[in-house]
Amino acid sequence: MTVINLMKGVNDLRYFIRKASKHMPDKNNRGFIDGVCHLNDVLDGIESMMKYVDDIMLNYYKRKDIE
């Protein structure tokens, strides 16, 4: 996995959340809106971290997570 692939995945997740939230029957439910906002905040954090990470560092983080 490379940083470019990870960023593409984040963008795909954002698109899925946006598309799915339009068609949800409970889209006006407060808990659903809070969950969508939380997911977008997590994706924002991943995007901001990926600005400072290259492929070598990403591979290091993956190895540390497994060990």
List in chain and number order the residues that pass side chain to side chain contact (heavy atoms under 4.5 Å, CB included) with I17, two or more places apart in sequence or in another chain; answer none if no residue qualifies.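 V36, L39, L43.
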
Looking at N40 and R14, would you say the former's side chain and the latter's main chain have a donor-acceptor pair under 3.5 Å?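 Checking the backbone N and O of R14 against the side chain of N40, no donor-acceptor pair under 3.5 Å is found.
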
Do [X] and [Y] belong together in a cluster built from hydrophobic side chains that touch within less than 4.5 Å?
X	Y	result
I56	M7	no
V42	I33	no
I46	Y61	yes

Crowding at CZ, F32 (>12 non-hydrogen neighbours, <6.0 Å):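 Result for CZ/F32: enclosed.
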
Taking the side chain as everything from C-beta on, heavy atoms only, tell me whether M50 gets closer than 4.5 Å to V10.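 SC-SC contact between M50 and V10 ruled out.
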
When you compare the side chain of K8 with that of N11, does any pair of heavy atoms fall below 4.5 Å?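 N11 vs K8: side chains apart.
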
Would you give the length of the straight line joining atom CG of D55 to atom CG of N5, rounded to the nearest 0.5 angstrom?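 Those atoms lie 8.5 Å apart.
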
Could you tell me whether D12 and K19 make a salt bridge, using a distance below 4.0 angstrom between a side-chain N and a carboxylate O?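 Judged by the 4.0 Å cut-off on N to carboxylate O distance, D12 and K19 do not form a salt bridge.
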
Least distance between heavy atoms, L58 atom then L6 atom: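 So the two residues come closest at CD1-CD2, 4.3 Å.
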
